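The structure under discussion appears below in the form of structure tokens.
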Amino acid sequence: MSDSPKALNFIEHIIEEDLKNGFSKNALRFRFPPEPNGYLHIGHASSICLNFGLGEKYNAPVNLRFDDTNPAKEEQEYVDAIKRDVHWLGYNWDTERYSSDYFQQLFDWAVDLIKANKAYVDSQSSEEMAIQKGTPTEPGINGPYRNRTVDENLELFQAMKDGKFQEGEHVLRAKIDMASTNMLMRDPIIYRVLHSAHHRTNTDWCIYPMYDWTHGESDYIEQVSHSLCTLEFLPHRELYNWFLDQIIDKNKVRPKQREFARRNLSHTVVSKRKLLKLVEEGVVNGWDDPRMPTISGLRRRGYTPESIRNFADTIGIAKRDNLIDVSLLEFHVREHLNKVAPRVMAVLDPLKIVIINYPEGEVEWLSAENNPEDNLAGYREVPFSRELFIEKADFREVANKKFFRLKLGKEVRLKNGYIIKAESCTKDEHGNVIEVQCTYDKKSKSGSGTAESLRKVKGTLHWVSTKHAIEAEVRLYDRLFTDESPDTHKDKDFMDFVNPESLESITGYLEPSLKDAKPLHRVQFQRLGYFCVDKESTNEKLVFNRTVGLRDSWAKIEQKK
RNA sequence: UGGCCCAUGGUGUAAUUGGCAACACUCCGGUUUUUGGUACCGUCAUUCAAGGUUCGAGUCCUUGUGGGCCAACCA
């Protein structure tokens, strides 16, 4: 965005250091490596922005690589959704890759490993292997198959590939050190037998490589210079390097794995398992429910790619545990929408007012500014008539000086319209005000330039003409969880913190200019908040989602009482 | 009872690599305003603790404390 010198994060420091030590800027290359087994969420957005942001900063290519080594969990549907979301965020990958593209190369290298006596076929159950593996505080011991001959290993591995065995009968393990303080170095499994079809290679393979064997070698094949992942992979780095050492050509770029802390957002969860549970138990209506922290949910809620990118940029990247308050995300949508969202008037909790000195049957079309923050946004016309809706909260029979909205005997300005005075009101049998009778100052029309129109009146209200108003379903969303970190309580399940009031669906009354609004159209309902037309919206039945409310200092004053 | 990682306002990141702790959000207070919005101004820290090295330590060293990660044929 700006060219002003910006503080570097620790990853950028590492890259700058590499550059300083002679690494060629042209050899810089990054990748975003999702597993296609779920939808992308706000946490992924941070990683996407980091990797693609680095690509933009250094003018380096960034691959989109699907880490698809587990055919049991991965599907084409997710591949498509991930590609759509990355594009929507505004990024373009250099090439689209799949770890499965490298299955043959990975197999060949595994054979080399066996020939070098650095891998062997183990034929025990996973339980037996787990016992021999030891614990973080006790070393493991060598298993009975560890010293099979190279020829026997070669033969068995080939037979595994040829489908001669059932799942679980044999695995290929790297021969490293069963006593290592790093559990991952205790002869990690690199291949397992899996008789399931893969979304890309179908039934070509019945053995599949494990993550550790695949990831670093894939980085190497793609000549990725800096392979960035989250902190829980830090102990994997030693193994990542060990695997690289077995195959590295000194003339090629050696990928470097570095780890950063995953970003945690308050009042939500992001694990795929938990998100899935919310969907399956019907707490939300699908992966793109506007309350979900998924990219598709945020999009449907009305968030803009820019706001998410700015958010990611602001929170930065580091190595310590964190819990970022959603209010920061909300700040960034408001900041962007304030600049680009057209202003319109809508009344969500209507109270009828009648302007008793305004001619019956008369309609005036008043000019209204579309966006005071954007002088290219122009003007539109809104109809004014004798009967209007205002918000119930904007009228009180009596109130103190701090309440500068409509009260009996006092004046208020109608946005883009006239100054009115409340004269009287009528109530139902319960004492609820159901109508307010007002008079208007005919010379006070907004924009007319008259002395009356320039009068200082403290309050300005939004409104809609009752007979011109169009009805719409308006979905008011709130945080999905009442707790800021719902899944970190030892004694409580995150489901216990689901906010029962996360969705309130009401009927709103909109100015007629919104009649043909199409899905994903974003507007500001003046004095209320930012709203976005939902994908379920039609011309017959408009549906709006509240993206986020406006900051409301009046609500704060009220709360203090 | 092992190994590794981390510790800077309420929150998230900075600090020219040993030289006046900065930016954003939130909160609170104020100015402007035909959105109680926006914009603008102001308040909010002896950098986890204790020692040490140094003219000088958020930064280096030691110890402690607190938090996290590691025992899937997941990634």
Side-chain angles (χ1 to χ4, degrees), chain A residues 5-9 13 33-35 37 67-70 72-74 122 125-126 129-131 133-140 167-173 180-184 186 189-194 207-208 210-212 214-215 229-238 259 261 263 266 272 311 313-325 327-332 334-335 338-339 343 345 369 372-373 402-405 413-417 419 446-447 453-462 484 524-529 549-558:
Chain A
K6 198 168 170 291
L8 302 182
N9 62 47
H13 278 297
E35 181 189 10
N37 71 341
D67 221 336
D68 56 349
T69 57
N70 188 351
K73 303 200 313 197
E74 296 149 5
D122 199 333
S125 67
S126 57
M129 283 190 273
I131 292 166
K133 199 163 185 179
T135 70
T137 54
E138 305 160 50
E167 294 183 9
E169 273 190 76
H170 305 281
V171 292
L172 185 70
R173 302 177 74 176
S180 171
T181 53
N182 183 348
M183 295 292 289
L184 288 154
R186 323 244 261 226
I189 292 170
I190 55 185
Y191 269 97
R192 77 282 212 194
V193 175
L194 244 33
I207 56 172
Y208 290 91
M210 300 289 288
Y211 166 84
D212 288 296
T214 308
H215 204 93
C229 59
T230 46
L231 228 38
E232 69 267 27
F233 288 96
L234 197 152
H236 293 247
R237 188 151 114 194
E238 190 180 0
E259 312 80 13
R263 326 303 310 180
S266 77
K272 286 171 187 164
F311 169 73
D313 198 43
T314 303
I315 62 180
I317 209 78
K319 296 177 81 166
R320 49 178 164 164
D321 293 341
N322 58 79
L323 182 62
I324 299 146
D325 201 295
S327 64
L328 187 59
L329 216 208
E330 292 172 344
F331 163 78
H332 283 284
R334 287 194 189 102
E335 183 190 47
N338 175 51
K339 293 281 190 294
R343 272 58 170 171
M345 293 196 286
E369 189 177 18
E373 304 290 321
K402 282 192 162 178
F403 184 82
F404 32 87
R405 279 120 101 132
R413 186 187 303 276
L414 293 178
K415 181 80 183 169
N416 307 311
I419 294 171
S446 288
S453 73
L454 297 173
R455 254 161 55 213
K456 291 288 171 200
V457 179
K458 190 62 180 165
T460 300
L461 308 185
H462 62 277
E484 66 169 12
Q524 181 196 93
F525 287 174
Q526 280 188 115
R527 300 211 304 137
L528 296 174
L550 253 28
R551 273 180 56 208
D552 190 350
S553 42
W554 170 242
K556 281 173 190 163
I557 293 168
E558 285 282 274

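Below, chains carry the letters A, B, ... as their sequence lines are ordered, and counting in each starts from 1. As a basis for the values below, the full set of heavy atoms in this structure was taken, side chains included, without hydrogen atoms, waters or symmetry mates. Model, not experiment: these values are computed from the prediction.
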List every contact pair, protein side and nucleotides 10-17 of chain B side both N or O, where the distance is under 3.5 Å.
unit_1, atom_1, unit_2, atom_2, d
rU11(B), O3', Leu323(A), O, 3.3
rU11(B), O2', Leu323(A), O, 3.2
rG12(B), OP1, Leu323(A), N, 3.2
rG12(B), O3', Arg263(A), NH2, 3.2
rG12(B), O2', Ile315(A), O, 2.8
rU13(B), OP1, Arg263(A), NH1, 3.4
rU13(B), OP1, Arg263(A), NH2, 3.0
rU13(B), OP2, Arg320(A), NE, 3.3
rA14(B), OP1, Ile317(A), O, 3.1
rA15(B), OP1, His13(A), NE2, 3.2
rU17(B), O4, His13(A), ND1, 2.8

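- A gap of 13 Å separates the C1' atoms of rU16(B) and rU59(B), to the nearest Å.
- Nearest heavy atom pair, residue Phe311(A) against residue His332(A), reads CA-CD2, 3.6 Å.
- When only modelled atom types and interatomic distance are considered, Asn182(A) and Ser180(A) share no side-chain donor-acceptor pair under 3.5 Å.
- Residues forming a ring pair (Phe, Tyr, Trp, His ring centres under 6.0 Å) with Phe331(A) (at least two apart in sequence, or on another chain): none.
- Annotation: rC4(B) and rG10(B) have their P atoms spaced 32 Å apart (nearest Å).
- Distance check on atom C1': rA50(B) versus rU17(B) gives 26 Å, rounded to whole Å.
- Side chain of Arg527(A) to main chain of Leu550(A): no donor-acceptor pair is present (N/O by atom type, distance under 3.5 Å, no hydrogens or angles).
- A gap of 24 Å separates the C1' atoms of rG52(B) and rA15(B), to the nearest Å.
- Nearest approach of Glu35(A) to Asp67(A), heavy atoms of both residues: CG-O, 3.5 Å.
- Residue Glu167(A) comes nearest to Val193(A) through the heavy atom pair CG-O, 3.3 Å, listed as atom of the first residue, atom of the second, then distance.
- Only the C1' atoms considered, rC73(B) is 48 Å distant from rG9(B), to the nearest whole Å.
- The two residues Ser446(A) and Asn416(A) make their nearest non-hydrogen contact at OG-C, 3.4 Å.
- In terms of heavy-atom proximity, Glu259(A) sits nearest to Phe233(A) at CG-C, 4.3 Å.
- Taking a pair as Watson-Crick or G-U with both hydrogen-bonding distances under 3.5 Å, the stems of three or more pairs touching RNA chain B are B:2-7 with B:65-70, B:10-13 with B:22-25, B:28-31 with B:39-42, B:48-52 with B:60-64.
- Side chain of Arg186(A) to backbone of Thr135(A): a donor-acceptor contact under 3.5 angstrom is found.
- Between rG3(B) and rA71(B), the distance separating the two C1' atoms is 13 Å to the nearest Å.
- Rounded to a whole Å, the CG atom of Asp313(A) is 17 Å from the P atom of rC23(B).
- Distance check on atom C1': rA72(B) versus rC48(B) gives 36 Å, rounded to whole Å.
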Exercise. Take Tyr208(A) and Asn70(A) through the side chain to side chain contact (heavy atoms under 4.5 Å, CB included) test and state the conclusion after the steps.
Key: CA-CA 7 Å; Tyr208(A) 290 91; Asn70(A) 188 351; over 6 Å; no
Quiz item: With the sugar-phosphate defined as primed atoms, P, OP1 and OP2, and the base as all remaining atoms, what B/S/- string results for nucleotides 69-75 of chain B, 5' to 3', for protein heavy atoms under 4.0 Å?
Solution: -BB-BSB
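- In this structure, the side chain of Arg334(A) does not engage the main chain of Gly529(A) through any donor-acceptor pair within 3.5 Å.
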Quiz prompt | Full working for side chain to side chain contact (heavy atoms under 4.5 Å, CB included) between Met129(A) and Arg173(A) | solution = CA-CA 11 Å; Met129(A) 283 190 273; Arg173(A) 302 177 74 176; 3.6 Å; yes
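- In terms of the salt bridge (charged side-chain N to carboxylate O under 4.0 Å, His left out) criterion, Glu138(A) has no residue partners (sequence neighbours excluded).
- Separating the C1' atom of rA49(B) from that of rC27(B) is a span of 29 Å, rounded to the nearest Å.
- Using a 90° window around 0 for the glycosidic torsion, rU63(B) falls outside it and is classed as anti.
- The heavy-atom pair separating Pro372(A) from Arg343(A) by the smallest distance is CD-NE, 3.9 Å.
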Exercise. Quick one, give me the B/S/- string for nucleotides 27-39 of chain B, reading 5' to 3', where B means a protein heavy atom under 4.0 Å from the base and S means that only happens at the primed atoms, P, OP1 or OP2.
Key: SSS----BBBBS-
